[in-house]
Amino acid sequence: MDEIRISLENGESQSFPKGITAGEALERLGFEMVGSAVAAKANGEMVDLNRPLKEDSSVEAVIRNSKEGIEVLRHTASHVMAQAVQRLYPAARITIGPAIENGFYYDFDIPDPISVDDLPQIEAKMQEIIQQAVPVERQELDRQDAIRLFSERNEPYKVEMLEEIDEPRVSVYGQEDWLDLCRGPHLLNTAEVKSFKLTGVAGAYWRGDERNPMLQRIYGTAFFSKKDLKRYLQLLEEARKRDHRKLGRELDLFSVSDEAGPGLVIYHPKGARLRHIIETFEKEAHLRRGYQMVMGPQLLKTEMWKKSGHFENYRENMYFTEVEDQSYGIKPMNCLAHMLIYKSTIRSYRDLPIRYFEMGMVHRHEKSGVLHGLTRVRQFTQDDAHLICTPEQLNGEINGIIDFALDMLELFGFEYEIELSTQPERRIGTDEDWERATNALVKALEDKQISYELCAGEGAFYGPKIDILLKDALSRRWQCSTIQCDFTLPERFDLTYIGADGEKHRPVMLHRTLLGSMERFLGVLIEHYAGAFPTWLAPVQAIILTVTDRHQQYAEELYRQLLNAGIRVEKDFKNEKLGYKIREAQLQKIPYMLVVGDREVEAGGASPRRRDGKDLKLMEVQEFIRLVQGENAVTESILKAN
RNA sequence: GCCGACGUAGCUCAGCCGGCAGAGCAAUCGCCUUGUAAGCGAUAGGUCAUGGGUUCGAAUCCCAUCGUCGGCUCCA
């Protein structure tokens, strides 16, 4: 009988008869956590535990508590769900159903739409399949046979996929009479799918292309234990509580009105205050880093948008208007005016780099279905800048921007992910330009040893970009910072500088934002802090609460003092019990509550109660002012960072 | 834009197999003068998203439009 050599990661190795399963080999080699293995890797390939090994292999266990392990579970859960759905709705055609970040989904082509009300029934059918403890079986067959098989089963989407697969042999997985084209691996038995929940339904285009038919997607999640599932569902519940749309209303920060129009944010006093705080600080930070503040007009002649390429490539996102037979486009980006400023005079190489900064309000016509609170709107303000420099300065400028952006995000305490997006199909400029620009961005990331994800074809139409993404409370990622390299607009607008050689040269331009859109950033920020902003950001930093109305006079005096010291203070002199006022201030998440009663009036000080419930006891007014001013000073680090 | 769900007072929601539009919180007014997360009482507040239809009669059934939510596509 043929023998094969199997080795473990720890160097343990032994000969076994050919055909021994991956699971058995693990066990016989003394792998300690055999019970927690849900699949295996043989020579790097993910395989089922019962896969017979045919050649010398190094075997590794894929355990429950690993990312890959839970993916195996969820992928199997998606198969169980697909089987359940096809049993309940025989007309449903299967497509694809992968594991995703927090669960899994499966897309079906089904004549009658599935609604959330149908989910309990599907869950019950899944439960049935799980309780029957059906073995999950893998089978390998010729591609042509598979095509025949899925044609017979009337699964056109599977046939379509098979026709595009290159390999001669494919694998199918199934339980009972149910079957799916699948690479695997899977759990060995449906009984192992213990803790799952279907979480939602949605429409999704076949292969993610809007020209394709709309499929019905069912989302679900699965865990190895009921406890983990419960914890996850609680986490979702918590996340919903910090939804910025809910907090925005409760904290009276902003609203969006049907009357005014969808995607148009209306800032209430506290929301406007918040923006004012961030923006004034940010403007100062830019000035200290060698940026110049500029302002462009809200609309520019359509001719200019034609020249820049926006009309051709971005028209469907733009608003246009006509006055006195002249067509204007409302700006969706701020770059045009900045180029006009550059062109307003002759530039020398000694002037470069030039960094123009603008809190620029832009309008973009977003499709109605994509609007979302503050994070996806039609009018927003960008902390935008355009840097114009020599090709030699490019790398240094990109580095400076990355540092600036990461410093900002660190100040707010954000985790982030970085993506590099390369040339899209619809673009302007030569391939050579694109390559140079892309290389410049890659080099900057590599110099800084920043890991990033490559998004091929996702760049802007005028250049490649680096994006920094922040997560909201529900783990949805939102693009905030973006650094875009542009060799083509300087060309189109004939931007030049006089070099040391006395000749005209073409500068390079960088478009960049740090926080991105103030709207989106604010939305993510609200969720990040769950509405409890740190003192330096809080729209209201302190509120004065009187115990009875005989304390009003002193409270008024205290209010004046704090206001004069620049503290954002409010007063609550309502004829209510102290507990009531504290509760209200607490719900408004105000960092400090200043209780004013007999003791304070007599001593002439203030008794701050912190938002976390801690009583700071009676202190001098000046001491409290210093306390708040100290907390305000956290921005100093950024202002001085250059 | 596409698929699905939803739209009742400022907010959260009940009413919806057709028959007088409701509750709690918030608001206003009064009483209480109050010490660290909700005192008591009264009053006011709605073209039931909008428009059309079915019906003796529509918040309730049907259609359209607008908007919101969950996704898809797109994106700061």
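Below, chains carry the letters A, B, ... as their sequence lines are ordered, and counting in each starts from 1.
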Look through every strand shown and name the nucleotide pairing with [N] as Watson-Crick or G-U wobble, where both distances are under 3.5 Å.
| N | value |
| --- | --- |
| B/rC75 | none |
| B/rG57 | none |
| B/rG30 | B/rC40 |
| B/rC6 | B/rG67 |
| B/rG24 | B/rC11 |

For the ring pair [X] and [Y], is the centre-to-centre distance below 6.0 Å?
| X | Y | result |
| --- | --- | --- |
| A/F254 | A/Y267 | no |
| A/H365 | A/Y319 | yes |
| A/F357 | A/H286 | yes |

| query | Are A/F380 and B/rA76 stacked, counting the six-membered base ring, centres under 5.5 Å, planes under 30°? | reply | yes
Grab the [atom1]-[atom2] distance between [X] and [N] for me, whole Å please.
| X | N | atom1 | atom2 | value |
| --- | --- | --- | --- | --- |
| A/K614 | B/rA37 | NZ | P | 15 Å |
| A/R245 | B/rC6 | CZ | C1' | 14 Å |
| A/E576 | B/rG41 | CD | C1' | 13 Å |
| A/K367 | B/rU68 | NZ | C1' | 20 Å |
| A/D112 | B/rA5 | CG | C1' | 17 Å |
| A/K581 | B/rG35 | NZ | P | 11 Å |
| A/Y205 | B/rG4 | OH | P | 12 Å |
| A/R217 | B/rC72 | CZ | C1' | 7 Å |

| query | Would you call A/M81 and A/F196 a side-chain contact if the rule is heavy atoms closer than 4.5 Å? | reply | no
Counting the atoms with a prime plus P, OP1 and OP2 as sugar-phosphate, which does [X] contact under 4.0 Å by heavy atoms, base, sugar-phosphate, or nothing?
| X | value |
| --- | --- |
| A/A204 | sugar-phosphate |
| A/G208 | sugar-phosphate |
| A/F521 | nothing |
| A/G579 | sugar-phosphate |
| A/D384 | nothing |
| A/R364 | base |
| A/E366 | base |
| A/V377 | base |
| A/V116 | nothing |
| A/Q586 | base |
| A/E600 | base |
| A/R520 | base |

Among [options], find the nucleotide with the atom closest to the side chain of [X].
| X | options | result |
| --- | --- | --- |
| A/P262 | B/rG67, B/rG35, B/rA38 | B/rG67 |
| A/D258 | B/rA76, B/rG67, B/rG71 | B/rG67 |
| A/S115 | B/rG4, B/rA76, B/rU68 | B/rG4 |
| A/R376 | B/rU33, B/rG35, B/rC74 | B/rC74 |
| A/R583 | B/rG4, B/rG71, B/rA38 | B/rA38 |
| A/K465 | B/rG35, B/rC3, B/rA76 | B/rA76 |

| request: Establish, for the pair A/R477 and A/Y416, whether the NZ or CZ atom is under 6.0 angstrom from the six-membered ring centre and no further than 45 degrees off its axis. | output: no
| Is NZ or CZ of A/R289 both nearer than 6.0 Å to the six-membered ring centre of A/Y291 and within 45° of the ring axis? | no
| said: Measuring only the P atom in each nucleotide, how far is B/rA42 from B/rU47? A whole number of Å is fine. | reply: 26 Å
| task | Determine the Euclidean distance between corresponding C1' atoms of B/rC20 and B/rU65; express it in Å to zero decimal places. | result | 30 Å
| request: Verify side chain to side chain donor-acceptor pair (under 3.5 Å) between A/E458 and A/S421, making sure each step is shown before the conclusion. | output: CA-CA 5 Å; A/E458 304 282 314; A/S421 300; 5.7 Å; no
| request: Flag the pair A/R520 and A/E527 as a salt bridge only when some basic side-chain nitrogen lies within less than 4.0 angstrom of an acidic carboxylate oxygen. | output: no
| request: Between A/V201 and A/I468, just flag the one whose closest nucleotide in RNA chain B comes earlier from the 5' side. | output: A/V201
